[in-house]
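Letters A, B, ... mirror the listed sequences (proteins, then strands); counts begin at 1.
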Amino acid sequence: MSLSADLCLRMYRDMWRIRVFEEEASRQTGLGTVQGALHMYCGEEAVAVGVCANLRPDDYLLGTHRSHGHCLAKGAEMDRMMAELFGKAEGSCGGKGGSMHIADLSLNILGANGIVAGGIGPATGTGLATKIRGTDQVSVCFFGDGASARGTFHEGLLFGSLWKLPVIYVCENNQYQQWVARKNVAVVDSVADMAASYAMPGVSVDGQDVTAVYAAAGEAVERARSGGGPTLIEARTYRFHGHSLGDRQEYRSEAEVEHWRQNRDPIKLLAAYMRERQWLGDREDAEIQSAVNAEVEASVAYAHGCTDPSPEAVTADVLDTAWRVTQ
Amino acid sequence: MSLSADLCLRMYRDMWRIRVFEEEASRQTGLGTVQGALHMYCGEEAVAVGVCANLRPDDYLLGTHRSHGHCLAKGAEMDRMMAELFGKAEGSCGGKGGSMHIADLSLNILGANGIVAGGIGPATGTGLATKIRGTDQVSVCFFGDGASARGTFHEGLLFGSLWKLPVIYVCENNQYQQWVARKNVAVVDSVADMAASYAMPGVSVDGQDVTAVYAAAGEAVERARSGGGPTLIEARTYRFHGHSLGDRQEYRSEAEVEHWRQNRDPIKLLAAYMRERQWLGDREDAEIQSAVNAEVEASVAYAHGCTDPSPEAVTADVLDTAWRVTQ
Amino acid sequence: MRTMTFRDALREALHEEMARDESVFVIGEDVVAHGGPYAVTQGIKERFPNRIFETPIAEAGIVGAGVGAALAGMRPVVEIMYLDFITCAMDEVVNQAAKMRYMTGGQASVPMVIRLPCGVGRLLAAQHSQIMESWFMHVPGLQVVVPSTPHDAKGLLKTAVRSPDPVLFFEYKRLYVAEGPVPEDEYVIEFGKADIKREGEDATVIAIGPMVQKALEAGIALEDDGFDIEVVDPRTLSPLDVDTICASVAKTGRAVICEEDSSFAGSGAEIAATIAERCFHDLQAPVVRVGSPHVPMPFAAPLVDRVVPGVAQVADAVRRVME
Amino acid sequence: MRTMTFRDALREALHEEMARDESVFVIGEDVVAHGGPYAVTQGIKERFPNRIFETPIAEAGIVGAGVGAALAGMRPVVEIMYLDFITCAMDEVVNQAAKMRYMTGGQASVPMVIRLPCGVGRLLAAQHSQIMESWFMHVPGLQVVVPSTPHDAKGLLKTAVRSPDPVLFFEYKRLYVAEGPVPEDEYVIEFGKADIKREGEDATVIAIGPMVQKALEAGIALEDDGFDIEVVDPRTLSPLDVDTICASVAKTGRAVICEEDSSFAGSGAEIAATIAERCFHDLQAPVVRVGSPHVPMPFAAPLVDRVVPGVAQVADAVRRVME
Ligand SMILES: Cc1ncc(C[n+]2csc(CCOP(=O)(O)OP(=O)(O)O)c2C)c(N)n1
Ligand SMILES: Cc1ncc(C[n+]2csc(CCOP(=O)(O)OP(=O)(O)O)c2C)c(N)n1
Ligand SMILES: [Mg+2]
Ligand SMILES: [Mg+2]
């Protein structure tokens with residue numbers, strides 16, 4: 001398992017892209033251009049990026065309510081994502097989905113999901129499709145620690161294991177659910193340990209260390225692609241912001257948040273790792289950041305230039321009305 | 001843990017009561033007096049009887065589609081149960097429930113259940129009620145091995161553990177689901193092992209040995225009653241009949257069934273245990289069996305003497321219509 | 001024309017579609033063993049061994065897997081052993097399958113069929129006898145199909161399998177043994193096209209599922225009263241063929257709506273409301289609904305007989321609108 | 001009279017009932033932290049520390065626990081954070097809670113309230129904006145309550161808590177901040193009693209939840225057209241006060257039914273069907289339904305505005321029935 005400088009630089013840039021995109025989306029919410037809820041992924045970037053660095057464009061990805069990072073890491077177009085948050089016709093979903101439903105079917109990003117654990121069953125189903133067709137795609141499903149309480153987690157992992165499906169179940173254990181600490185509503189510490197009930201390998205990794213996530217995911221992807229069945233990965237991570245914008249966060253201390261921001265920021269950690277190896281210097285770092293800033297700014301400009309969905313759009317896309325049954 | 005002769009004799013009689021009641025209900029189905037589906041419990045009697053011998057009348061019990069044994073073991077009136085199977089007004093549920101919904105709220109038998117794993121959540125809720133009120137009742141929930149696949153199993157056990165509720169979750173692992181062997185649709189052998197995911201004690205016992213079931217349940221009941229929280233008990237057992245009457249049982253061999261009937265019949269095993277200890281002789285055995293036969297015959301006579309539900313019954317009991325809100 | 005049972009017609013449709021399209025597969029509980037409790041999936045394991053999946057008892061898992069497989073381009077035919085158990089998978093049906101196309105702005109397609117054996121069969125009481133068509137009608141993005149004859153069962157199931165959007169396919173248990181003509185040649189039946197099962201001049205009886213046969217029987221009985229009824233079978237409740245229904249009511253001036261389910265907020269309510277809105281000037285009598293009382297299904301046979309509406313209730317309702 | 005918000009009225013009802021009856025308790029996700037996303041359960045942890053349970057994210061577990069606790073004689077008030085998530089617990093609602101009394105021949109009682117924040121609020125799109133009243137109307141054994149004002153919210157919630165049978169309590173998110181008079185003295189509101197929110201002679205507008213306020217506003221606008229409408233608020237959809245509705249329609253001869261949900265097989269369909277059956281000879285114009293188009297809730301504001309029916313649609317519908 002050796003990480004190249006190139007790969008690290010790519011992952012570094014991808015983490016920055018997520019960070020800056022989200023901070024900007026949050027700013028736009030303040031301006032009123034973006035409406036609805038934003039569930040910020042900041043602090044957890046290493047999970048999406050470390051996992052997705054192992055994926056091919058034709059691999060399947062299913063997300064959560066907190067999926068900006070997953071979508072960007074899998075390659076979704078930033079312009080169209082920003083336009084979606086703006087509710088524009090040119091947005092990823094034509095303005096019909098918003099933050100919780102971003103999808104890009106051309107990249108097999110089958111969608112963020114507003115239902116906690118709502119993607120686990122469908123992700124398992126994409127694995128079943130792959131198995132039936134005999135292709136070698138893998139499916140990745142992200143979900144939070146809170147999702148591990150839901151029955152669909154239990155049923156989905158059972159099916160994945162029973163049929164040895166090429167699915168990687170990635171639990172982003174950020175220690176909190178909506179406004180409650182995991183420890184107050186869970187009975188086991190490690191979600192990875194629950195894999196035993198499904199006769200499935202379960203691994204727990206430091207979700208702030210993108211190299212660790214990359215390695216764990218790589219192993220799981222390799223196993224899945226070669227017919228070895230599913231894996232449950234628990235990435236221990238932390239969200240820097242509240243559950244969604246406006247959360248007063250009374251359930252945790254500022255000091256705790258500050259600690260993670262200072263010492264456990266996945267971007268800082270990767271920067272240090274690369275600097276140690278001379279893979280990143282001040283100049284490259286500045287270049288990356290300014291490129292990312294430019295890309296995000298461009299996405300805002302793009303979104304501003306987009307059009308509102310047409311009135312007719314409201315009744316389109318309910319069913320495929322062009323379809324007519326033929327003999 | 002010492003079993004008295006008295007207790008064993010009582011359990012022996014209770015197992016016979018279940019056995020004979022069901023064989024008779026099955027015969028009545030053949031005659032057309034009993035309609036609907038019968039899910040025969042024969043072969044599994046030691047589980048219901050061994051568990052319920054530890055219970056008080058005010059303890060809660062929730063069952064499954066296969067609950068004749070649970071209800072009888074908890075003390076439900078046989079006459080009214082038979083009348084219920086006959087669909088009579090005097091039946092346990094006035095003829096509205098039938099085999100899959102027998103209940104006797106006066107004994108806190110809160111009902112058989114036609115939904116696999118449907119009772120697990122509610123059983124957990126009865127435990128929550130007990131905890132809030134600060135009483136020392138325990139709740140017992142029976143369910144099949146198939147039920148362990150359902151999300152409600154996962155969610156129910158989690159809640160039971162989180163709040164340390166006085167609930168005993170009893171999985172009757174009879175190795176088959178409807179028409180499929182457990183091994184074809186499960187990924188772990190022991191349901192008891194799944195308790196780890198819920199930080200709950202999990203024990204596996206020989207479900208054909210009523211003394212073993214009695215002991216395991218006794219320990220769990222003791223723990224629950226004294227505030228120690230829930231237990232998952234897996235009783236390894238076997239059903240002598242098909243899933244329901246009429247099942248062709250192509251999924252298992254006659255030889256296998258015969259083996260269990262000959263060598264693993266819980267009634268025979270308890271008889272041998274008691275005979276060894278001189279607790280049971282031929283005469284007592286014959287007496288018990290004839291008393292049981294008489295009781296079952298009387299229940300049939302009772303059911304024959306009952307009346308059909310009145311036409312008005314059809315619209316009664318949907319809501320409590322006598323209720324009027326008062327200040 | 002050859003005749004066959006409803007059940008055999010469904011099975012033939014499945015076999016044909018699986019032979020025609022490799023992406024079609026079957027998933028459900030006990031679907032291999034006896035071909036399910038109603039033997040509809042019999043023979044599939046033998047013929048298409050890798051395209052039938054017998055599952056653990058986990059309806060949310062089953063439908064969830066169906067959604068994902070469909071998103072990935074397969075065409076799952078999901079069997080829910082009894083309609084009542086779809087309650088365990090409503091998120092998958094309603095929040096995932098139904099809304100995926102819309103939420104993704106038209107990108108996603110969920111070509112999934114969910115087969116739902118429903119209604120009273122043997123006496124299995126309240127948790128094994130429900131219908132609930134109106135639930136699914138009310139969910140945008142779903143199609144609701146209710147065949148009443150072997151012919152329609154086959155044609156509609158084949159269409160359902162080919163549909164790019166999710167279909168809830170209602171199979172009334174007591175219809176499985178119904179016999180009727182089924183053409184040898186392949187055919188499909190378009191969604192949203194009601195079928196006039198009997199032409200008549202005096203009153204329109206819109207009948208759903210098993211009520212169609214009962215309406216036809218009532219139609220014969222009513223000839224003695226001198227009433228000539230038209231029986232309209234919507235065949236799909238969503239999309240609903242409002243035009244055919246309204247044209248018939250315009251002709252007869254009278255409407256009776258028959259469903260086996262509780263009428264309160266049932267599928268017939270939508271039909272009655274539509275007629276009230278669209279056919280006001282044609283109606284010569286109040287609309288009448290025939291359905292079951294608003295009670296769970298009881299166990300005892302005499303109670304069940306009072307719940308499930310029969311030929312007599314249909315005939316009585318027609319007499320009422322003819323007054 | 002003092003005025004308060006809808007949200008505060010609900011909170012006051014809960015506090016009062018918890019103080020009155022020790023068997024009442026609250027269970028749901030995040031109900032302690034901020035008192036839930038809509039702050040309705042605020043202050044309960046402080047005042048009744050042992051009667052509020054913050055749960056894992058597991059709706060089936062939550063409702064299942066509610067059913068069991070209710071069977072054991074407690075009175076759970078369950079909060080489902082968004083109505084949309086009740087899809088994860090439909091078996092518990094429909095096969096367990098609703099049918100328990102009937103299946104046990106009247107022995108069991110399930111005095112459980114399920115509070116359902118529903119409808120569009122902030123722009124959260126298709127999985128966080130649903131309503132679905134008609135689903136629960138269609139299930140025998142359930143009661144469906146939809147308050148439209150702070151006054152009704154308080155009185156109906158107190159009644160719901162005291163009911164021996166399960167109640168689905170719909171709280172439209174956009175109503176939480178609505179203000180209105182709420183008496184200081186204790187009061188309850190009987191189920192099955194519609195409230196005439198405005199008397200009028202020309203047309204009956206039956207309005208549900210947030211449509212009541214819109215109908216009242218339309219009523220003012222319509223005065224300029226010379227139309228004097230009567231606004232009937234059913235308050236409970238099951239039981240439904242058919243008598244009050246029909247008496248009003250008998251008086252006015254015209255009926256407009258307004259709901260915020262999709263009208264197709266929605267709650268208004270049952271009301272329209274009932275009027276069609278019972279008020280045929282009184283009606284002077286076709287019944288008209290106002291509701292949302294049959295689409296999932298989109299995200300973008302301009303689309304949302306086209307989905308959610310407003311004052312103008314109500315007024316237009318009245319003008320249509322007055323033609
Ligand atoms: C079935 C369901 N229940 C509740 C919610 C409301 N909700 C949205 S996110 C969330 C917390 C999720 O916690 P976790 O799974 O740990 O993910 P995180 O937000 O920490 O990423 C809740 C309760 C929901 N969307 N779906
Ligand atoms: C939710 C649900 N799914 C499916 C069924 C149909 N069904 C009834 S019993 C049964 C098998 C149950 O197996 P298990 O839990 O092992 O219990 P056993 O019959 O062996 O006692 C099935 C599939 C049901 N009643 N409920
Ligand atoms: Mg979390
Ligand atoms: Mg079993």
Side-chain angles (χ1 to χ4, degrees), chain B residues 34-37 65 84-89 91 93-102 112-118 144-154 177-182 184-187 243-244 246-251 308-319, chain C residues 27-37 39 41-42 45 53-64 80-92 120-130 262 264 292-308:
Chain B
V34 169
Q35 289 183 277
H65 55 289
E84 185 64 26
L85 299 186
F86 274 59
K88 297 299 182 182
C93 303
K96 284 180 175 162
S99 168
M100 278 194 285
H101 304 295
I102 292 176
N113 208 310
I115 302 297
V116 168
D145 50 297
S148 70
R150 283 211 52 223
T152 48
F153 165 87
H154 183 68
Q177 297 178 9
Q178 181 152 329
W179 301 323
V180 67
R182 170 169 169 77
N184 294 336
V185 287
V187 295
H243 171 67
S244 59
D247 177 358
R248 292 186 303 257
Q249 301 184 59
E250 284 156 8
Y251 49 81
D308 278 346
S310 71
E312 303 77 56
V314 82
T315 50
D317 302 326
V318 179
L319 297 171
Chain C
I27 181 167
E29 295 161 13
D30 299 286
V31 288
V32 171
H34 298 198
T41 55
Q42 236 171 38
K45 181 72 185 176
F53 295 86
E54 190 145 72
T55 70
I57 305 169
E59 284 75 11
I62 296 169
V63 179
I80 297 295
M81 194 186 279
Y82 286 77
L83 164 112
D84 311 72
F85 314 152
I86 196 68
T87 54
C88 304
M90 289 299 283
D91 173 59
E92 286 68 23
V120 70
R122 294 186 300 158
L123 304 182
L124 297 176
Q127 292 174 335
H128 285 74
S129 308
Q130 291 166 91
S262 160
F264 191 74
S292 78
H294 199 49
V295 303
M297 186 63 72
F299 165 65
L303 295 177
V304 170
D305 290 344
R306 297 190 76 89
V307 170
V308 182

Determine, step by step, whether C:V307 and B:V314 satisfy the side-chain contact (heavy atoms from CB on, under 4.5 Å) criterion, reporting the C-alpha distance in whole Å, the side-chain angles of both residues, the deciding distance to 0.1 Å, and the verdict. CA-CA 7 Å; C:V307 170; B:V314 82; 3.4 Å; yes

Pair B:Q177, C:E29 - check side-chain contact (heavy atoms from CB on, under 4.5 Å), show working. CA-CA 10 Å; B:Q177 297 178 9; C:E29 295 161 13; over 6 Å; no

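For the residue pair C:P302 and B:P309, the shortest heavy atom distance occurs at CG-CD, 4.5 Å.
Proximity to chain B (any heavy atom under 4.5 Å) is restricted, for C:H294, to the backbone atoms N, CA, C and O. Of the two parts of B:V180, the backbone and the side chain both hold a non-hydrogen atom closer than 4.5 Å to a non-hydrogen atom of chain C. Both the backbone and the side chain of C:P56 come within less than 4.5 Å of a heavy atom in chain B. For B:S310, the part lying near chain C is the backbone, with the side chain staying farther off; criterion is any non-hydrogen pair under 4.5 Å.
In this structure, CG on C:D84 lies 6.0 Å from CD1 on B:I115, to the nearest 0.5 angstrom. Note that CG of B:L85 is 6.5 Å distant from CZ of C:F299, once rounded to the nearest 0.5 Å. Taken from CD1 in C:I57 to CZ in B:F153, the straight-line distance is 12.5 Å, to the nearest 0.5 Å.
The candidate from C:G121, C:P293, C:A301, C:C88 with the greatest count of non-hydrogen atom pairs under 4.5 Å with chain B is C:C88. No other option in C:L123, C:V304, C:T87, C:T55 has as many heavy-atom pairs under 4.5 Å with chain B as C:L123. Contacts with chain C were tallied for B:R182, B:E250, B:E84, B:R150; B:R150 has the most, counting heavy-atom pairs under 4.5 Å.
Looking at C:Q127 and B:N113, their side chains come closer than 4.5 Å, going by heavy atoms from C-beta outward. Residues B:D247 and C:H34 are in side-chain contact: their nearest non-hydrogen atoms beyond the backbone lie under 4.5 Å apart.
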For residues 93-101 of chain B, tabulate all N or O donor-acceptor pairs below 3.5 Å that involve a side-chain atom, not counting sequence neighbours.
{"residue": "B:K96", "atom": "NZ", "partner": "B:A313", "partner atom": "O", "Å": "2.7"}
{"residue": "B:K96", "atom": "NZ", "partner": "B:A316", "partner atom": "O", "Å": "2.9"}
{"residue": "B:K96", "atom": "NZ", "partner": "B:D317", "partner atom": "OD2", "Å": "2.9"}
{"residue": "B:S99", "atom": "OG", "partner": "B:H68", "partner atom": "NE2", "Å": "2.8"}

